[in-house]
Protein chains: 2
Amino acid sequence: MQKKLTIQDIARLAGVSKATVSRVLNGNPSVDGELQARVMRIVQEHGFVPNITAISLAGGQTHLIGVLAPPLVWPALPEIIRGVAEYIENTTYEIVLYSINFANVELNHSDVLNRVLTLRLVSGLLAIFPGEVTAHLTKHYQHGLPLVLINDQEEPGHIPWVGIDNRASANAATRYLLEQGHQRIAHIRGPQQFYWANERFAGYQQAMQEAGITPEPELLIQGGFEPLHGRQCAEHIFSRERADWPSAIFAANDQMAYGILEYAEQQGIRIPEDITVIGFDDNILSAHMRPPLTTVRQPFYEMGHKATELLLNMIDPDHHMGEKGTVKGPTRPRSEQTPLASQEAPVHLQLPTSLVIRASSDKAAISLNT
Amino acid sequence: MQKKLTIQDIARLAGVSKATVSRVLNGNPSVDGELQARVMRIVQEHGFVPNITAISLAGGQTHLIGVLAPPLVWPALPEIIRGVAEYIENTTYEIVLYSINFANVELNHSDVLNRVLTLRLVSGLLAIFPGEVTAHLTKHYQHGLPLVLINDQEEPGHIPWVGIDNRASANAATRYLLEQGHQRIAHIRGPQQFYWANERFAGYQQAMQEAGITPEPELLIQGGFEPLHGRQCAEHIFSRERADWPSAIFAANDQMAYGILEYAEQQGIRIPEDITVIGFDDNILSAHMRPPLTTVRQPFYEMGHKATELLLNMIDPDHHMGEKGTVKGPTRPRSEQTPLASQEAPVHLQLPTSLVIRASSDKAAISLNT
DNA sequence: TTGTATGCGTTATCAC
DNA sequence: GTGATAACGCATACAA
């Protein structure tokens with residue numbers, strides 16, 4: 001482990017002052033083009049990497065972004081975080097993971113948040129499904145904390161936010177069922193306190209209405225979000241006369257659809273021959289269900305990717321690295337950069353979803369797909 | 001966002017020099033007991049938290065540990081990382097996540113590693129299933145990088161390491177089957193380049209031998225690690241005469257057992273009535289299979305937890321926080337602390353496994369368990 | 001355009 | 001025991 005080079009060493013090698021090296025490193029345009037090139041060459045040659053710790057002490061960015069995440073067993077998280085990580089890979093920033101455990105009562109969420117904020121370790125925060133801490137976060141955002149949310153549990157507020165259009169997606173999914181000739185389509189709702197659940201329900205209703213159909217009240221079933229809830233709803237549905245069954249069930253999320261599939265299999269109810277089932281999310285397991293589940297695909301990877309891009313643009317518009325592994329080249333001076341995120345109009349990024357048609361809704365697809 | 005307190009402010013409030021405050025904060029015993037108490041009180045009252053950035057610049061630790069992890073979709077990872085996170089929660093350290101994507105060829109693993117090391121951002125590294133980078137890591141460990149491995153793919157070397165006794169665990173699982181009266185027990189091996197696979201196979205063989213049984217060669221089947229591999233092996237087994245079927249199958253991991261379960265279900269083969277199936281790992285899904293899978297439980301959470309403890313002990317034996325949220329109280333001065341991890345004897349921590357008996361091996365358990 | 005000097009918040013090495 | 005004071009590596013206001 002050879003001694004680490006400092007900006008001072010580079011300055012000596014280049015025959016300039018360390019202030020100049022610093023300027024070059026930060027892309028200050030006031031440096032002479034010639035000189036800048038020479039310094040950069042030396043920097044490259046020696047593989048010089050500035051000390052992040054010193055940078056942040058001296059008042060710059062910490063080059064660390066915090067990722068506030070719920071338990072990683074949540075189906076969407078690995079993909080979201082992969083998106084974050086792969087974006088970060090091409091920047092000079094690193095991820096500080098704050099994994100919050102929703103089961104832990106003693107150490108509640110705002111404690112974690114306090115820790116994040118009092119330490120001032122990170123230059124910005126990406127909050128994934130923050131649940132109850134959202135209010136706290138909002139306050140800190142207004143006080144200047146660069147923040148991006150991935151959150152479908154509440155209606156988007158004034159914080160930069162990345163997500164999907166739940167209503168339109170559910171509408172499209174329902175229309176697909178209608179186009180397949182289904183008329184009696186049941187919907188298993190998610191918990192009413194969740195924005196996504198209400199939006200998806202609204203999308204379903206809207207599509208039905210547009211088709212001139214008023215679904216029977218018996219087909220609107222209040223579920224939850226776990227397989228067990230789906231299973232219970234399935235029991236309810238299939239306990240009726242066979243003639244009263246719907247011809248299709250649209251579950252508000254994949255997890256509940258799993259419960260339906262399971263119950264159907266146990267009861268010898270064939271899918272899709274006897275009844276069609278579709279979900280929402282396209283969790284990693286959905287393609288491997290029996291039968292593979294038709295569902296609305298949420299672009300989780302892209303959500304992580306875009307959210308990170310958004311956040312870094314708020315913090316440091318010139319965060320992108322030039323060559324991999326090297327320091328970034330000349331950029332705009334920090335003074336010219338957009339100052340504070342909270343001063344700009346809030347950005348709401350709605351990413352497109354897609355309907356993934358699999359065997360649970362399509363006899364022709366039974367032998368085909370994944 | 002009120003201005004952040006500095007050690008200087010505390011010094012003024014306490015009527016001492018900042019050097020003394022620093023001493024108190026670091027538990028230097030040379031401070032007068034009275035004074036120390038007074039300073040600590042003021043620190044507590046004002047909720048003073050020292051600036052980590054400054055600490056690390058001044059030559060201390062960065063209070064950041066790197067976690068090198070494969071894709072989070074790997075079944076064991078959420079639990080391992082939960083273990084890491086929950087341990088970290090009670091320290092003054094934070095997690096820097098280096099999520100490495102095994103599919104990405106351009107940016108190979110040692111690139112990520114270089115980044116970790118040249119940046120010198122982290123005080124130590126926890127490498128989870130590092131695969132091919134292990135050799136690189138070993139080198140850097142010998143050069144002084146505090147490092148702990150969670151790795152079952154190769155035989156433990158001279159690096160501190162946390163894992164299980166695969167051989168003994170497989171032995172115990174096999175003995176369980178023998179005690180259930182099984183004689184013809186098939187084993188689906190994992191890939192031979194993996195340490196865990198060979199150890200589990202050895203454990204199986206050993207148990208059979210101890211029972212005085214030499215398994216027929218047809219019952220020793222080379223598998224892989226994915227459900228598909230298990231499925232293929234199942235096809236192979238069940239393609240024989242019914243009389244030639246084994247009465248139990250021990251798959252080297254849960255994933256392959258899933259494939260067996262799936263194939264059996266499709267073929268109408270009942271488990272455990274027609275044949276017993278057990279796995280290894282106790283992935284999160286295993287309890288929810290149909291039927292629930294009997295398996296050897298790896299304590300993933302504890303592995304993450306213990307590995308982190310080990311790493312932090314190497315870096316900073318006094319890393320534990322006193323009261324939650326406050327700075328740590330008096331501790332031993334840094335000079336008395338054990339200097340470098342690599343000078344100590346390598347620690348190999350073998351955590352206990354347990355056999356989780358579920359319906360796939362136990363008729364009595366069919367209606368019971370999770 | 002470039003160099004000099006100061007500050008960031010802490011630890012550590014001296015003196016006293 | 002305690003207090004100045006010099007690093008630590010960089011950014012930046014101010015000079016030149």
Side-chain angles (χ1 to χ4, degrees), chain A residues 3-12 14-39 43 48-63 92 118-121 123 316 318 327-328 330-331 333-337, chain B residues 3-12 14-39 43 48-63 92 118-121 123 316 318 327-328 330-331 333-337:
Chain A
K3 186 79 185 67
K4 191 129 197 300
L5 288 174
T6 75
I7 206 175
Q8 185 67 272
D9 299 320
I10 302 298
R12 196 179 320 112
V16 297
S17 76
K18 55 180 194 170
T20 298
V21 177
S22 175
R23 291 192 187 96
V24 172
L25 257 23
N26 292 293
N28 189 317
S30 71
V31 243
D32 180 82
E34 192 85 9
L35 216 193
Q36 167 181 301
R38 196 171 87 235
V39 172
V43 166
F48 169 73
V49 179
N51 181 321
I52 291 189
T53 297
I55 292 179
S56 63
L57 219 211
Q61 300 299 338
T62 60
H63 281 225
T92 55
T118 64
L119 230 42
R120 276 187 174 57
L121 219 205
S123 303
D316 171 11
D318 296 310
V327 319
K328 65 181 181 209
T331 54
R334 203 172 302 285
S335 50
E336 284 184 20
Q337 296 174 10
Chain B
K3 186 80 184 68
K4 192 130 194 301
L5 287 176
T6 77
I7 207 175
Q8 184 67 272
D9 300 320
I10 302 297
R12 196 179 320 111
V16 296
S17 76
K18 57 180 193 170
T20 298
V21 177
S22 175
R23 290 192 187 97
V24 172
L25 257 23
N26 292 292
N28 189 318
S30 71
V31 254
D32 180 81
E34 193 84 10
L35 216 192
Q36 167 180 301
R38 195 172 87 235
V39 173
V43 166
F48 169 72
V49 179
N51 181 320
I52 291 190
T53 298
I55 292 179
S56 64
L57 217 214
Q61 300 300 337
T62 60
H63 281 226
T92 56
T118 63
L119 229 43
R120 275 187 178 59
L121 217 206
S123 302
D316 170 11
D318 295 311
V327 319
K328 67 184 179 206
T331 54
R334 204 173 300 285
S335 51
E336 284 183 20
Q337 295 173 9

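Given the structure is predicted, the values throughout are model-derived calculations rather than measurements. Within every chain, numbering begins at 1; the chains are lettered A, B, ... in the order of the sequence lines, protein sequences first and strands thereafter.
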Check the pair A:Thr6 / A:Asn51 against side-chain contact (heavy atoms from CB on, under 4.5 Å), numbers first and verdict last.
-> CA-CA 8 Å; A:Thr6 75; A:Asn51 181 321; over 6 Å; no
Taking atom C1' of D:dG9 as reference, at what distance in whole Å does atom NZ of A:Lys4 sit?
-> 9 Å
Any chance you could encode DNA chain D as dot-bracket? Rule is Watson-Crick or G-U wobble with both distances under 3.5 Å; [ ] for pairs crossing earlier ones, | for another strand.
-> ||||||||||||||||
Name all residues meeting the salt bridge (charged side-chain N to carboxylate O under 4.0 Å, His left out) criterion together with B:Asp32; count only those two or more places apart in sequence or in a different chain, and write none if there are none.
-> none
Sub-3.5 Å donor-acceptor pair from the side chain of A:Asn26 to the main-chain atoms of A:Asn28, do we have one?
-> no
Short N/O separations, protein against nucleotides 2-4 of chain C, under 3.5 angstrom:
residue: C:dT2; atom: OP2; partner: A:Asp32; partner atom: N; Å: 2.6
residue: C:dG3; atom: OP2; partner: A:Ser17; partner atom: N; Å: 3.1
residue: C:dG3; atom: OP2; partner: A:Ser17; partner atom: OG; Å: 3.2
residue: C:dG3; atom: OP2; partner: A:Thr20; partner atom: OG1; Å: 2.6
residue: C:dG3; atom: N7; partner: A:Arg23; partner atom: NH1; Å: 3.4
residue: C:dG3; atom: N7; partner: A:Arg23; partner atom: NH2; Å: 3.3
residue: C:dG3; atom: O6; partner: A:Arg23; partner atom: NH2; Å: 2.3

Within this structure, what is the NE2-to-C1' distance between A:His63 and D:dA11, rounded to whole angstrom?
-> 12 Å
Check whether any side-chain heavy atom of A:Phe48 sits under 4.5 Å from a side-chain heavy atom of A:Asp9, and report yes or no.
-> no
With a 4.5 Å heavy-atom cut-off, do B:Thr20 and B:Val31 have their side chains touching?
-> yes
Give the rounded distance in Å between these two atoms: CG of A:Asp316 and C1' of D:dA11.
-> 14 Å
Taken to the nearest whole Å, CZ/B:Arg120 to P/D:dC10 is 12 Å
Would you mind reading off the distance between A:Ile10 atom CD1 and D:dA11 atom P, rounded to a whole angstrom?
-> 13 Å
Contacts of type side chain to side chain contact (heavy atoms under 4.5 Å, CB included), residue A:Ala19, not counting sequence neighbours | A:Ser17, A:Arg23
CZ of B:Arg12 versus P of D:dG3: gap in Å, rounded?
-> 14 Å
OP1 or OP2 of D:dC10 less than 4.0 angstrom from a side-chain nitrogen or oxygen of A:Ser22, does that happen here?
-> no
Between B:Asn26 and C:dT11, does any side-chain N or O lie under 4.0 Å from OP1 or OP2?
-> yes
Sequence neighbours excluded, the answer for side chain to side chain contact (heavy atoms under 4.5 Å, CB included) partners of B:Ser123 is B:Gln61, B:Thr62, B:Ile315
What's the shortest heavy-atom distance between B:Leu57 and A:Ala54, and which atoms?
-> CG-CA, 4.1 Å
To the nearest Å, give me how far apart CD (B:Gln8) and C1' (D:dG3) are.
-> 12 Å
For A:Arg38, what residues pass the salt bridge (charged side-chain N to carboxylate O under 4.0 Å, His left out) criterion, not counting sequence neighbours?
-> none
To the nearest angstrom, how far is B:Leu57 atom CG from D:dG9 atom C1'?
-> 5 Å
